[in-house]
Amino acid sequence: MALPRLRLPRRRLIPIGVVSALVIALVVIVVWPSSDSYTTQEQRITVRTGPAGDQSVTLDATLYLPKEERPVPAVLLAHGFGGTKRSVDTDARELAELGYAVLTWTAQGFGRSTGEIHLNSPDWEVKDAQGLIDWLAARPEVRKTGANDPVVAAVGGSYGGALSLLLAGVDQRVDAIVPMITWNDLANAFLPEATGRGPENGVFKRQWAGLFFGSGSAALGAGGDLSALLGGGGPGPESGADPQANPQCGRFAADVCAAYLDVATTGKASPETIALLRRSSPASVAGTIKAPTLLIQGEADSLFPLSEGDANARAIAANGTPVRVAWFTGGHDGGEGPGSDQDRLKFLTAQWLDHYLKKNGDAPSRDFVYSRTTGLDATNRDLVASGYSVKDYPGVAGRSSTAVEVQGRPTAVANPPSGTPGALSTLPGGLSSFVGGAGLDVPGQFARYVSAPFESTVDVVGAPTVKVRAASPTGEAVLFVKLYAIGNGGTSSLPGGQVAPIRLTGLPATLDQATPVTVTLPAIVHQFERGHRLAIALSTSDQAFASPVQPAVYQVAVEGPVTLPSVAGTPIADPNLIWWYLLGGLLAAILLGLVIAIVVARLRGRRRDRSVNAEHADTPLVVRGLRKEYADFVAVESVSFTVNRGQVVGLLGPNGAGKTTSLRVLMGLTRATAGEILVFGHRLEPGAPVLSRLGALVEGPGFLPHLTGIANLRLYWKSTGRPEADADFEQALEIAGLGGAVNRRVRTYSHGMRQRLAIAQAMLGMPELLVLDEPTDGLDPPQIAEMRQVLRRYATDGRAVLVSSHLLAEVEQTCTDVVVMNKGKIVASGKVAEIVGDSPTVQLEVSDVDTATAVLTDLGVRSVTPSEGGLVVDVNGTPRQEVVAALVRAGVGVDRVVPRRRLEDAFLSLVGGDTKASGER
Amino acid sequence: MSAQPMSVVSEAAVGYKPGRTLSVWTEVRRQAARRRTQFALGFMVLLPLIVLGAFAWNPGGGDGDGDGDGNGGFSALVDVATSGGPNFALFTIFVSAGFLLVVVVALFCGDAVASEASWGSLRYLLAVPVPRSRLLAVKLTVALLYTAAAMLLLLGTALLAGTLAYGWDPLQAPVGGTLSAGAGVGRLLLVLGYLFAMMLVVGALAFFLSVSTDAPLGAVGGAVLLYIVSSILDQIDALGGIRDLLPSHFNDAWLGLLSTPMQTADVARGLVSAVVYTTLLLVLSWWRFLRKDVVS
C-alpha cells in the first residue's frame with residue numbers, strides 16, 4: 001500500500017516560504033564579504049636619515065589606495081608609541097574609504113622597521129617622515145601641487161600626533177595636520193610643575209615614564225600589554241627580545257636611554273635631558289607650523305593633559321594658522337571615549353581633511369568643541385558624551401570664572417620616606433577605573449579643604465586655580481594638589497583623574513611667614529550640580545610621581561577661593577534627533593494609513609449589496625446551493641432549503657452530515673464557498689446586520705465561566721448594544737428554568753444547565769429566527785418535553801425555529817418540517833406529517849421466519865427482507881390485518897407487528913448504510 | 001433612492017447599530033470579574049509590599065546608609081532603593097521591567113481573543129453581530145487599558161508604600177545625579193510611558209497569536225517565549241548591528257530618561273522600533289482575523 005504523500009496545503013507553504021526567505025537573507029547579509037573600495041600594498045621604504053642624512057633606515061609601510069579616480073590626496077597616518085603600522089589599520093581603512101591614499105608605517109625602532117627610537121627627533125623620525133613625503137611625491141596615484149610636493153596631511157595620535165606637529169613644523173609641504181592626544185613639551189609632560197616653575201623644578205611622572213620607556217624597550221618583552229595603554233592599541237614589538245640587544249636600553253637610542261636612566265634615578269632632569277626632550281617637542285617648531293591644524297586632546301589624560309594641547313593651539317594660532325581645538329572625554333586614561341565622542345571626532349577629522357586636502361566646501365568652523373559625560377547608554381552599555389561648542393577657542397583659563405571658598409585649617413602633613421605609602425589618584429592608561437576613579441589619600445599625609453554646597457549648577461571648562469601656602473623645616477616641599485568633586489551622596493570623585501604636582505623651595509619653617517603661590521590645577525570639564533561640593537586636597541605623596549625620599553613634616557594651608565573657569569557652551573545638536581523626526585513621520589504615516597483604512601472600509605460597506613430580495617423579504621431563511629470547502633475536503637456539497645414563518649424546521653442527519661458547518665455559515669462564523677443564505681431577503685455574510693434578527697445556539701454553549709448565569713445574559717445583551725427593555729430577561733430566565741442557580745458562576749454549572757442558559761440567551765430579545773444546534777443535548781426527559789413545548793410555542797407568532805439534530809425522535813416530536821442531510825447533501829425534505837405518514841413497510845417478529853417468508857411471497861407483497869429476529873416487509877397495499885391473518889393461518893406465530901414510517905426509512909437507510917461523516921469521504 | 005434607506009432600516013433588529021455593539025465599558029466589565037485580571041492587578045499592589053517586606057526583613061538590622069561596605073552592586077542598589085519613595089518606586093520598576101511586565105502584558109493581550117474562542121463565547125459575539133474589526137479594536141483597547149492600569153498601580157503602590165516607609169526624598173539616578181522628588185516622579189512616569197510603548201510590541205505579538213489560536217495559554221506563552229528568545233539573542237555581541245533590529249534591544253533605554261540632561265537618542269530609536277513592530281503585528285492580526293473561519 002502506498003504511503004499517503006505528505007502534502008502541505010498552499011496556505012502553509014506561503015508563511016514557510018516567507019520565513020525561509022528572511023532567514024536566508026539574514027545569513028547572506030551577515031556572511032556576504034563587503035567589497036572594499038580600496039587596495040592595500042605592503043611596502044619596505046628605505047629613507048636617508050640621521051643628523052647628516054647619511055644613515056639608512058628601512059621602514060615597514062602599507063599604502064592604502066582608493067580605487068576611485070586618481071590622483072588622490074594622501075594622508076600620512078602615524079601610530080602611537082609602542083605600536084606599529086597595524087595599530088592604525090582600522091583608521092587607515094576608514095580614511096581610504098573617504099578617498100585618501102593613506103600611508104601607514106612603523107616608526108623606526110619599532111616592529112619590523114629598522115633603526116632606533118629617538119623620540120620623534122627632528123634628525124631621525126621627522127626626517128623619516130620627510131622621506132615618506134618624497135616617496136609619496138613619486139607615486140603617480142597621489143595628487144601633487146608642484147614637483148616633489150604632494151597634497152598630504154599628517155594624522156596621528158600621541159607619538160604619531162607629535163610627529164605630525166614636528167613634521168609640519170619642518171616641512172612646509174604638509175597641507176593639514178590632525179594631531180591627537182599629544183604633547184607640546186615632552187619635558188613639561190614628564191616633569192610637570194603646577195606653579196609654573198618649569199621642568200627644571202618639575203616632579204618626575206615616574207609611572208608614566210616607566211611605562212613609556214618600558215614599552216619601547218624590546219628587551220623587556222612586555223610591550224604587548226604596555227603599548228596598548230599608550231595609544232598604540234595594537235600588538236607590541238614583533239621582533240621580540242634580541243639576545244644581542246642592550247638589555248637595559250632595548251631599541252632606544254643611547255642618548256634617550258641615558259637620559260631616562262638619569263631622570264628615573266634622581267627624580268630630577270638635568271639641563272641636557274631637558275634639552276633632549278625639548279628637541280623632540282612640537283614646542284620647538286610650533287612657531288613655523290603653517291598647516292591648518294585640528295588639535296584633538298583628551299579630558300581623561302594624565303600623560304598629555306589638556307594643557308599640552310592648549311600650549312600647541314596657542315603657539316600655532318600665533319602664526320595666523322587656522323587651528324581648531326576639540327576636547328573629548330577619552331585620552332591616554334580614558335581610551336577612545338564613548339561612541340558618540342568617536343563619531344564626533346571622525347566627523348571633525350573628515351571635515352578638516354575634506355576642506356584642506358580636497359578643497360571641498362567652505363572652511364570648517366574654528367569653534368572650540370568639548371564634550372562631557374552626561375549619561376549612560378543603557379542599550380550599548382556605553383557612556384554617553386554630549387558635545388558643546390563655543391565660538392573661538394577660549395583656552396584653559398575659560399571666558400568667565402566662579403570663585404568658591406573652601407573651609408579648612410592649616411594642617412601638618414607628613415612626607416613618607418621614599419614616597420611610600422603613596423596616595424593613589426590615577427593609574428596610567430585608564431586603570432583608574434579599578435580604584436573607582438575616586439582617589440585614595442593616606443591619612444596623616446594630606447589636608448582637605450571643602451566648600452559649601454553649590455547653590456546653582458556650575459559648569460567648569462578649563463583649569464581651576466587655587467592659592468596655597470606651605471612651610472617646611474627643610475625649606476623645600478613637594479605637594480600634590482587635587483580638586484575633588486563631592487556628589488550629593490557624599491561620594492568623591494577626581495574629575496579628569498589628575499593631580500597638580502608642585503615643588504616649592506625657599507619655604508619658611510612656620511606657616512605664618514609663608515607666601516601664597518598660585519597653583520594651576522589640571523584642566524577639567526565637569527558639572528557641579530546644585531548641592532554638590534568641591535574639595536581641595538594637598539597631599540605629600542602620589543604613586544604616579546617621584547616624591548622626596550627624606551621624611552619630613554610640612555605645614556600647609558589653602559589661601560583664598562578656588563577659581564573655576566567656565567565657558568558658555570552651546571549643546572551640539574544630537575545627530576540622533578533624526579530618530580525623533582523618523583518617529584514623528586512614522587506615527588503620521590500610521591495615522592494616515594488608519595484613516596485611509598477606515599474610509600475604505602466605510603466606502604466598501606456602503607457599496608455592499610444591501611438589496612432585498614423582495615420575493616423572500618418575509619421568509620426567515622432561504623438557503624440556496626450552499627457549499628463549503630476546506631483546504632482538503634468538502635464539508636457541505638450543496639444544500640438548499642427554506643424556513644418559513646411559523647415553522648419549526650428540523651435539520652436531521654447523522655454526525656458529520658454537514659449540519660454544523662451549514663449553521664456556522666448561517667451565524668456568519670465562516671464564509672460559504674458557493675451559494676447564498678437569505679435571511680428575510682438579506683444576503684447573509686459575516687457581520688451582516690441582519691444577523692441581529694437571529695438568535696442562535698451552535699456547537700454548544702459559550703459563556704464567561706467567571707460570571708454568573710444572569711451576569712452572562714445581561715452582559716451579552718449589553719454587547720448587542722440594544723435597549724435593555726427589548727431583552728425580556730424574565731421570559732428568558734423562565735425558559736432557562738435555573739431558579740436560584742442563575743446567581744452562581746457558570747463555572748459551577750452542569751452541562752444541562754449551561755445548555756438551558758444558552759437556549760435562553762439565544763431567545764433574548766425574541767429574535768424572529770431561532771437557530772438551535774442539538775438543543776436537547778444534556779437535558780433530562782422532562783426538560784426535553786418542556787423544551788418541545790417551548791419551541792412549538794415560539795414559532796407561533798410568525799417566528800421560525802431551525803433545530804438541528806441527529807435524533808429522529810427529537811425531530812419527529814418537535815418539528816413541523818424536516819430536512820434530512822447526509823454527506824453534505826439534502827436527501828429528503830418536507831412536512832414531518834407527510835414524511836412520517838404511514839409507509840408501506842411493516843416490521844414483523846415471527847416464530848418461523850422461513851415459513852413466513854414463503855407465505856408472504858405468496859401473498860404478493862413487494863419485498864421481504866429478513867432482519868434481526870424477524871422480517872421487514874413492503875406490503876404493497878395489502879392491509880396489515882390480512883398479512884397477520886395469512887401468517888396465523890399458516891401456523892406462524894406473530895409476536896409483534898410494527899408499522900414503519902417514511903422518515904425512519906429514509907434516516908435508517910442512511911444510518912444503516914454508509915454513516916461516515918462527510919469529512920471522512 | 002428612497003427605497004434603499006427603508007430596506008436598510010428593516011435589515012437589522014430594532015435598536016441594533018454596529019457601532020454600538022460591545023462597548024469598551026462592557027468589555028471592561030466582562031474582564032473585570034476574571035480571577036486572572038484580579039490576580040494580575042492584585043499582584044501589582046502586592047509586589048511592592050513584598051519587596052518592602054524583604055527589605056525590612058534584614059536580620060542584621062541597622063541602616064547601611066550609603067557607603068556600601070563592599071557588598072557588591074545589588075546591595076548598593078538596595079541601599080538606594082531604601083532612601084525615599086521615588087527611589088523605591090524606581091527599584092520596583094527596575095526589577096519588574098525585564099520579565100514581570102512582559103508576562104502581564106502578554107497575559108492581557110494574549111488572552112483577549114483566544115480565551116473567548118476557548119469558551120465558545122466568541123461565536124456568540126460574532127453572531128450578535130459585533131463587527132470583527134470592532135471586536136478586535138475593543139478587545140485590544142481593553143487589554144491595553146488593563147496593562148496601563150497594572151503599570152500605574154505598580155508605580156503608585158511602590159511610590160505610596162516607599163514614601164510611607166522611607167520618606168519623600170530626591171530620586172537618585174542609577175547613572176549618577178539627583179532629581180528632586182517631584183521631578184523624579186515626573187521622570188518615573190516618563191519611564192513608565194516608555195516601558196508601556198516597549199510592552200506594546202509584546203502585547204501586539206501576544207494579540208496576533210491570540211487571534212491565531214484558540215489556546216490562550218499558547219498565545220501568552222508564545223509571546224513570552226519569543227520575547228525571551230529576542231532577549232537572549234540581544235546578549236550575543238557577535239550579532240553586532242543586527243541586534244538593533246531585535247524588538248527587545250532598546251528595552252533598557254529608559255535608563256537614559258533618568259540622567260540629566262535626558263538621553264533620548266535610544267529612547268527615540270526604541271520607540272521607532274516599537275511602533276514599527278506593533279503596527280506590523282497589529283496589521284497582521286487584523287488581516288488574519290477578518291479572513292478567519294471561526295471554528296472553535
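Numbered from 1 within each chain, the chains take letters A, B, ... in sequence-line order.
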| query | Which bit of A:Ile590 is near chain B, if near means a heavy-atom gap under 4.5 Å: side chain, backbone, both or neither? | reply | side chain
| said: Is A:Leu697 in contact with chain B via its backbone, its side chain, both, or neither, using a 4.5 Å heavy-atom distance? | reply: both
| said: Go through it in stages, so that I can follow the logic: the residues are A:Leu704 and B:Glu116, the test is side chain to side chain contact (heavy atoms under 4.5 Å, CB included), and I'd like the CA-CA distance, side-chain angles, deciding distance and then a yes or no. | reply: CA-CA 8 Å; A:Leu704 310 190; B:Glu116 298 277 354; 3.7 Å; yes
| said: Using the rule given for side chain to side chain contact (heavy atoms under 4.5 Å, CB included), can you reason through A:Val690 versus B:Tyr16, listing the C-alpha separation, both sets of side-chain angles and the distance that settles it, and then say yes or no? | reply: CA-CA 9 Å; A:Val690 74; B:Tyr16 171 83; over 6 Å; no
| task | Give, as side chain, backbone, both or neither, the part of B:Arg132 having an atom under 4.5 angstrom from any heavy atom of chain A. | result | side chain
| Atom group of B:Thr264 that falls short of 4.5 Å from chain A, counting heavy atoms | both
Restricting to side chain to side chain donor-acceptor pair (under 3.5 Å), what partner residues turn up for [X], sequence neighbours left out?
X	answer
A:Ser692	none
B:Ser23	B:Thr26
B:Asn87	B:Ser83

| message | Any carboxylate oxygen within less than 4.0 angstrom of a Lys/Arg side-chain nitrogen, looking at A:Lys628 and B:Asp293? | response | yes
| Pick from A:Gly487, A:Gly700, A:Ala696: which one has the most heavy-atom pairs with chain B under 4.5 Å? | A:Gly700
| request: Output the residues of residues 758-768 of chain A for which the shortest heavy-atom distance to chain B is under 4.5 Å, in residue-number order; output 'none' if no such residue exists. | output: A:Gln761
